[in-house]
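This report concerns only the one structure given below.
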Amino acid sequence: MKALISGGTGFVGSHLVELQEEPVILSRNPDKIRQRFSHAEGQAWQPGELIPASAFQGVDTVFHLAGESIFGRWTQEKKDRILSSRVEGTRTIVDSLARLETPPATLVSSSAVGYYGSRGDEILTESSGSGADFLSQVCQAWEKEAVKAEKLGVRVVCIRTGIVLGRDGGALNQMLPVFKAGLGGKLGSGRQYMSWIHVDDLASAMMFAAGHKELKGPVNAVAPQPVTNKDFSKTLAKTLNRPAIFAVPAPVLRLALGEFGAVLLSSQRALPQKLEEAGFDFRYPVIQEALREAV
C-alpha cells in the first residue's frame, strides 16, 4: 500500500505513518517531514488548496485526518474553525481526487462517535441515527463531503473515532496532570459512557479498513468495552496509584468550558460492530490494559 496522508504529524497521524512503508504526507512545511519521518515524503499543501496531481502518483489509499482540535473553550470563532477545517478540508481532498484520471481506490476519512449525539446507555452501532448537537452536525457535514468521492468510484470509509488514549498526546494529556496530583475524579454524575480506543488500535483499524474492501461507509473505531466516566476515572487513578475522590459538578464544568463542557458530559456507548464482524483484533480491548500502557 502506498498512502497519501493529511494530518500525518498529529497524535493519531504520526502513529499511522509509522505503519506505512512510503507514505506521502501533506504538510504546510514539507521539509520538516523528512526530518521527523525518515521513510516519508513531504508534499506541500495548504488546506483549501487543491492537491497537485503528482502527489497521488502510485497512491492507492488516502487517509484524511486533518482538522482543528476540539479541546478548549468553544468561542464562536473556535466552533467555526472546527467545522470549516473538516468540511472544507474534506471537500478539497475530494475535489482533488475528481481531477485525476484514475483516483486512488480508497479514501479513509476521519469522523467521530460525536455523530450520534448524547444517547445515555443506548448501545450505538454504525446503523444508529445521528444526534442534533453541534458535534453531531459537524460529523454529519464532514461525512457528507467524504462520501461524495463514491461518485468517482472511490471506496469511502468514515472512521468514527472515540476518545483516543496514548502516551504521547490526545485526551490523556489533558487529564494526567490533574490525576497525577491526586485531584482527579468523575465529571458530573459520572454515569455518561465513554467510547474510547488506544491510539495503536486506531492506527491499526485505519490500516485494516484500507485493506478490507468489504468495509465502507461509517465504521466505529472504538474498543469493544465502553466504560462510564466514573469507572474510567477510578481506573486511571488506580493505574497511577492515586485517589479519585474529587468530582467536578456539571454546572461548574459548563461554566468553566462553556459548550465544550457539555461534550464532556455527553454519553456515547458505541460498539465496533463492523470491525468485529470483519475480524479486526484489538490489542487493547479493555480499559485497564489500555491505560496501563498509555501512562
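Scope of the values below: all heavy atoms of this structure, side chains included, with no hydrogens, waters or symmetry mates.
Defined by atom type and a distance below 3.5 Å, a donor-acceptor pair is missing between the side-chain atoms of Q268 and R119. Side-chain contact check for Q140 and S136: at least one donor-acceptor pair (N or O, by modelled atom type) lies under 3.5 Å. Side chains of S111 and R160: no donor on one and acceptor on the other come within 3.5 Å.
Remark: the backbone N or O of S118 is not paired with any side-chain donor or acceptor of S266 at under 3.5 angstrom. For Q192 (side chain) and L187 (main-chain N/O), a donor-acceptor pair under 3.5 Å exists by modelled atom type. Remark: the backbone N or O of A270 is paired with a side-chain donor or acceptor of S195 at under 3.5 angstrom. Distance alone, capped at 3.5 Å, is enough to place a donor-acceptor pair between the W45 side chain and the E49 backbone. In this structure a side-chain-to-backbone donor-acceptor pair under 3.5 Å is present from R86 to E68. With D60 contributing its side chain and M1 its backbone, the two residues share no donor-acceptor pair below 3.5 Å. R155 places a side-chain N or O within 3.5 Å of a backbone atom of L215 that can act as its donor or acceptor partner. Looking only at distances, a side-chain donor or acceptor of S267 sits under 3.5 Å from a matching main-chain atom of Y193.
Across all their heavy atoms, G182 and P243 have their closest contact at O-CG, 3.9 Å. Heavy atoms only, all atoms of each residue included: K274 and K216 are closest at NZ-O, 3.0 Å. Nearest heavy-atom pair across K230 and K186 is CA-CB, 4.2 Å. The two residues L97 and A149 come nearest to each other via the heavy atoms CD1-CB, 4.4 Å. The two residues P272 and A223 make their nearest non-hydrogen contact at CD-O, 3.9 Å. Of all the heavy atoms in V157 and A209, the pair that sits closest is CG1-CB, 4.0 Å.
Interatomic distance, CD1 of I25 versus CZ of R36, reported as 8.0 Å (0.5 Å rounding). The line from CZ of R167 to CG of D200 is 9.0 Å long, rounded to the nearest 0.5 Å. Separating the CD1 atom in I197 from the CD1 atom in I163 is a distance of 12.0 Å, to the nearest 0.5 Å. Atoms OG and CG, on S14 and L65 in that order, are 10.0 Å from each other to the nearest 0.5 Å. The CD atom of Q46 sits 11.0 Å away from atom CG of L26, with the distance rounded to the nearest 0.5 Å. Here S69 contributes atom OG and K78 contributes atom NZ; the two are 5.0 Å apart, rounded to the nearest 0.5 Å.
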Taking it one step at a time, do I159 and S110 satisfy side chain to side chain contact (heavy atoms under 4.5 Å, CB included)? CA-CA 5 Å; I159 295 286; S110 287; 5.5 Å; no
I287 vs D231, side chain to side chain contact (heavy atoms under 4.5 Å, CB included): CA-CA, chis, key distance, verdict: CA-CA 9 Å; I287 193 64; D231 288 340; over 6 Å; no
Run the side chain to side chain contact (heavy atoms under 4.5 Å, CB included) check on L100 and L152 step by step: do they pass? CA-CA 10 Å; L100 304 175; L152 308 174; over 6 Å; no
For side chain to side chain contact (heavy atoms under 4.5 Å, CB included), just list the numbers for F282 and V286, CA-CA rounded to whole Å, side-chain angles, deciding distance to a tenth of an Å, and then say yes or no. CA-CA 9 Å; F282 285 87; V286 298; over 6 Å; no
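Using a 4.0 Å cut-off between a side-chain N of Lys or Arg and a carboxylate O of Asp or Glu, R91 and E145 qualify as a salt bridge. Taking a cutoff of 4.0 Å between a charged side-chain nitrogen and a carboxylate oxygen, E259 and K79 qualify as a salt bridge.
In this pair, F208 and H212 present their aromatic rings parallel. The plane angle is below 30°, not in the 30 to 60° band.
Heavy-atom neighbours of K148 NZ from other residues, nucleotides or ligands within 6.0 Å: above the threshold of 12. Heavy atoms of other residues, nucleotides or ligands lying less than 6.0 angstrom from CD of Q57 number 12 at most. Counting non-hydrogen atoms of neighbouring residues, nucleotides and ligands closer than 6.0 angstrom, the CD atom of E214 exceeds 12 such neighbours. Residue E22 places its CD atom among 12 or fewer non-hydrogen atoms of other residues, nucleotides or ligands, all under 6.0 Å distant.
Follow the hydrophobic side-chain contacts under 4.5 Å out from L240 and you reach W196 in the same cluster. Hydrophobic clustering places V248 together with L265 (ILVMFWY residues linked when any side-chain heavy atoms are closer than 4.5 Å, directly or through intermediates).
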